[in-house]
Colleague: 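Here it is, the structure, as structure tokens.
Every chain is numbered from 1 and lettered A, B, ... according to where its sequence line falls, protein lines coming before strand lines.
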Number of protein chains: 2
Amino acid sequence: MNKRVTIKDIAQQAGVSVGTVDRVIHERGRVSAEVKEKVLQVMQALDFEPNLIASTLAFNRAIQIGVLMPQLHSDPYWDLPLLGMRRAQQSVRHYGVGLVEQMFDLFSPQDFKRSARALIDQKPDALVFPPIFLKESLELLDHCAEVEVPTILVNTDVEHPQVMSYIGQDSYQSGVLAGKLLSMAMNGAGKVLLLNLDKETTNAKHLMDKEHGLRHFLAQKDENSFTVLRQDVEDFDNPERLDSLLKSLLQQYVDIQTVFVTNSRAYKLVEAIQGLSQAHLPILGFDLLPNNLHFLQMGKIDFLINQNASYQGYLAIKNLTDYFIFKKQMPRVQHLPLDIVVAENAAYYVQREQGN
Amino acid sequence: MNKRVTIKDIAQQAGVSVGTVDRVIHERGRVSAEVKEKVLQVMQALDFEPNLIASTLAFNRAIQIGVLMPQLHSDPYWDLPLLGMRRAQQSVRHYGVGLVEQMFDLFSPQDFKRSARALIDQKPDALVFPPIFLKESLELLDHCAEVEVPTILVNTDVEHPQVMSYIGQDSYQSGVLAGKLLSMAMNGAGKVLLLNLDKETTNAKHLMDKEHGLRHFLAQKDENSFTVLRQDVEDFDNPERLDSLLKSLLQQYVDIQTVFVTNSRAYKLVEAIQGLSQAHLPILGFDLLPNNLHFLQMGKIDFLINQNASYQGYLAIKNLTDYFIFKKQMPRVQHLPLDIVVAENAAYYVQREQGN
DNA sequence: TTTTCTTGTGTGTGCGCACACACAATTTAA
DNA sequence: TTAAATTGTGTGTGCGCACACACAAGAAAA
């Protein structure tokens with residue numbers, strides 16, 4: 001109930017003007033050592049907290065956040081973080097935070113490079129992007145360092161001094177979690193078919209980490225009973241190929257009991273093997289794409305691990321706002337929860353994706 | 001990049017003063033129909049959005065939110081929502097939102113009533129509480145209606161016109177989810193021991209809903225193979241009693257394969273049966289209490305369903321802030337996700353509880 | 001010694017909005 | 001018909017802070 005302490009109060013108590021207090025707060029110099037000391041002392045004594053509302057109003061500066069993301073609607077997974085960023089921007093627009101979006105072709109390093117240049121040329125105050133192409137991303141980070149643009153990475157981490165924060169999943173641990181869930185579905189023994197439905201150029205690190213996590217969990221659980229068969233499929237957009245491939249694998253390895261699709265493309269597998277009638281083959285995939293959710297509800301997919309892709313984008317923008325407007329620090333790494341989603345609890349997560 | 005539209009711009013375009021624009025915006029009256037029309041038209045045309053930062057600064061009013069919660073540290077579960085509220089208050093304190101906390105004895109309706117009175121006497125702008133005692137809660141809501149204090153319920157919903165919003169879990173669905181997880185742990189058949197570790201006076205509705213959810217799921221999954229044995233234990237603070245009870249139950253019903261503890265007190269069960277050495281008995285419980293987490297990591301508890309108790313509190317305060325400061329609407333019911341927590345993904349949720 | 005630069009401090013304006021107040025033009029009551 | 005109340009509109013101040021500017025006093029340079 002007691003009125004808030006303002007810089008005016010500080011000034012009065014310290015016997016100086018508000019201008020001097022302001023100089024102390026912002027360390028603008030031009031204050032004698034003794035006066036500065038006195039002011040700091042009074043601030044401490046009165047437990048002064050600057051009014052951030054007034055501060056942002058007076059500050060009156062627009063922050064432009066550069067966003068470099070894969071083309072919208074080119075891949076359903078990559079829509080999620082971008083939509084999350086836009087939602088976040090909406091919720092902080094009053095602080096003068098805006099997005100400068102620049103899209104690139106998900107499968108073209110050249111286009112990534114070109115888009116990056118175009119974005120930097122617009123001199124954003126910060127940059128957010130997923131380092132899908134390692135080499136080009138490192139170049140971009142070097143460039144950011146030159147022009148002093150702080151950067152947040154999403155989806156994949158990269159070690160680089162210019163990276164202020166990484167927001168994303170812990171791929172290794174998601175592999176471990178997959179191991180746990182799949183082993184539960186396997187009554188004690190069996191083979192896991194690990195499917196990498198991806199082009200070689202992208203995400204290699206990711207998928208490897210997941211594989212390691214899975215293998216580690218299964219080995220530690222029961223070294224002899226569980227085995228993993230890995231299969232990489234670059235031609236994942238071709239249902240016939242996928243279908244025949246899977247058929248032959250199941251024929252060849254009769255002990256395949258479950259399938260682990262290492263990214264968000266589990267639905268492609270389900271679509272491809274619709275015809276394949278046989279005993280239920282438990283499938284675990286990632287992310288709450290509409291297609292995945294559909295098959296989850298139908299019982300064709302058993303588990304989805306939600307990597308909170310849209311929340312990654314949301315947090316990136318939120319954190320940058322906190323950083324610029326509220327001068328808050330940011331953790332170097334922010335791992336988001338790995339939600340276990342089954343048909344019975346999917347609704348809440350879907351709702352959350354939309355909302356916040 | 002284009003400068004934001006202000007009321008000054010509107011005034012200029014409409015050929016009136018800012019005062020008039022202000023009157024139109026806040027519907028303070030005293031504006032002729034034609035001028036009002038004109039102003040609204042210009043606002044529409046220029047896509048005017050009031051600057052909420054400036055607005056809150058000028059509004060300059062403190063909001064006091066009354067919080068009626070069980071005594072801190074009387075039960076570990078109930079600490080969570082309160083701590084969530086305090087965290088939320090910290091993050092919105094700059095908007096002049098404060099909490100007025102009033103605690104009551106978790107097991108005393110009389111004390112609840114008394115505390116409620118004391119809180120209302122302080123004339124808060126809104127009220128948040130869990131309607132643990134139904135009769136007393138309805139009385140309180142009636143009282144709130146009289147003095148026009150909008151109210152948010154957490155943890156349990158109650159139908160009453162004065163309830164602006166309910167934030168909490170969907171108990172029935174959490175029972176369904178428990179059924180899913182337990183049936184996975186049971187290879188096709190077996191008995192679930194359902195343990196209600198609670199006093200009769202509290203939460204009855206809750207626990208019944210969970211039981212119904214569980215039974216419904218199991219029946220629909222396989223009517224004949226799964227059975228449920230329910231046991232209510234009011235004396236849950238007595239380990240010896242719990243221990244001997246469980247021993248005799250396991251002896252009597254040899255087909256008990258899993259245990260479903262319907263609230264956050266799974267750790268009490270584990271503590272009681274430490275000695276009981278037998279084949280692993282999968283246990284499912286609720287909520288991320290330190291003790292529960294400890295046993296989860298040790299493998300004594302297999303699943304925890306996280307009802308996001310602390311986030312419930314957080315959201316309650318956040319939503320009220322949005323309501324009072326930003327004039328946002330609130331959904332009547334907000335169900336939070338039911339997170340499936342196992343040893344392999346617990347860390348993230350624990351971290352989130354602390355953070356946001 | 002005079003001039004220029006540096007340092008320390010205070011004053012004033014504006015951010016965009018909310019709200020109180022002044023005051024003219026009506027309208028209604030006396 | 002005159003006084004009082006009502007309606008419509010504009011002006012001014014303040015919310016708490018950021019920042020530009022003014023200006024005095026002393027230090028350094030000429």
Side-chain angles (χ1 to χ4, degrees), chain A residues 2-40 42-43 46-63 92-98 324-327, chain B residues 2-40 42-43 46-63 92-98 324-327:
Chain A
N2 39 8
K3 260 187 73 249
R4 294 197 43 148
V5 178
T6 73
I7 55 170
K8 220 167 164 179
D9 300 324
I10 304 292
Q12 207 157 18
Q13 278 286 318
V16 296
S17 73
V18 291
T20 303
V21 175
D22 178 73
R23 257 166 247 127
V24 172
I25 291 176
H26 293 87
E27 296 182 333
R28 282 193 235 282
R30 303 275 169 104
V31 181
S32 70
E34 40 192 335
V35 170
K36 180 172 178 177
E37 193 51 47
K38 173 73 180 169
V39 169
L40 285 172
V42 174
M43 290 201 326
L46 298 193
D47 193 23
F48 172 73
E49 260 196 295
N51 182 331
L52 287 186
I53 301 299
S55 178
T56 44
L57 182 63
F59 191 50
N60 194 33
R61 182 160 90 86
I63 306 286
V92 299
R93 65 185 188 282
H94 298 109
Y95 299 109
V97 175
F324 281 114
I325 307 291
F326 303 117
K327 319 296 184 210
Chain B
N2 39 6
K3 260 186 74 245
R4 292 198 42 146
V5 178
T6 73
I7 55 168
K8 221 167 164 179
D9 300 324
I10 304 292
Q12 208 156 18
Q13 278 286 318
V16 296
S17 73
V18 292
T20 302
V21 175
D22 178 73
R23 258 166 247 127
V24 172
I25 292 175
H26 293 84
E27 297 183 334
R28 281 193 235 282
R30 302 274 169 107
V31 182
S32 70
E34 40 193 335
V35 170
K36 180 172 179 179
E37 192 50 47
K38 173 74 180 166
V39 169
L40 285 172
V42 173
M43 290 200 328
L46 297 194
D47 193 24
F48 172 72
E49 261 195 295
N51 182 331
L52 287 184
I53 301 301
S55 178
T56 45
L57 182 63
F59 191 52
N60 194 35
R61 180 160 91 88
I63 306 286
V92 299
R93 64 186 189 283
H94 298 109
Y95 300 109
V97 175
F324 281 114
I325 308 291
F326 302 118
K327 320 297 183 210

Colleague: Can you tell me whether the side chain of B:R23 and the base of D:dG10 have a donor-acceptor pair closer than 3.5 Å?
Modeller: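 Checked by distance alone, the answer is yes.
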
Colleague: Just to be sure I understand the rule, does A:N51 reach a base, reach only the sugar-phosphate, or reach nothing, if contact means heavy atoms closer than 4.0 Å?
Modeller: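 Here A:N51 touches the backbone only, sparing every base.
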
Colleague: To the nearest 0.5 angstrom, please state how far the CD1 atom of B:I53 sits from the CG atom of A:N60.
Modeller: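 That separation rounds to 11.5 Å.
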
Colleague: Does a side-chain N or O of B:S17 approach OP1 or OP2 of D:dG10 to a distance below 4.0 Å, or not?
Modeller: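 Yes.
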
Colleague: Name the residue closer to the 5' end of DNA chain D, choosing between A:G19 and B:A58 according to the nucleotide with the nearest heavy atom.
Modeller: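 Whichever sits nearer the 5' end wins; that is B:A58.
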
Colleague: What's the CZ-C1' distance between A:F59 and D:dA18, to the nearest Å?
Modeller: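 Distance, rounded to whole Å: 9 Å.
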
Colleague: Rounded to whole angstroms, how far apart are CD on B:E34 and C1' on D:dG8?
Modeller: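 It works out to 11 Å between those atoms.
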
Colleague: Do A:Y95 and A:F324 have ring centres separated by under 6.0 Å?
Modeller: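 Aromatic pair excluded; centres sit 6.0 Å or further apart.
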
Colleague: On DNA chain D, nearest-nucleotide positions of B:N60 versus B:T20: which is more 5'?
Modeller: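 Mapping each residue to its closest nucleotide by heavy atoms, the 5'-most match is B:T20.
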
Colleague: Expressed in angstrom and rounded to an integer, what is the separation of B:H94 atom NE2 from D:dC17 atom P?
Modeller: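 Roughly 10 Å, once rounded to whole Å.
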
Colleague: When you check the phosphate oxygens OP1 and OP2 of C:dT7, does a side-chain N or O of A:S32 lie under 4.0 Å from one of them?
Modeller: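 A:S32 to C:dT7 OP1/OP2: no side-chain N or O under 4.0 Å.
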
Colleague: B:S55 or B:R30: which one's nearest nucleotide on DNA chain C is closer to the 5' end?
Modeller: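 Here B:S55 is the residue nearer the 5' end.
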
Colleague: Taking for each residue the nucleotide of DNA chain C bearing the nearest heavy atom, is the 5' side occupied by A:G29 or by B:V5?
Modeller: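 Nearest-nucleotide comparison on DNA chain C picks A:G29.
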
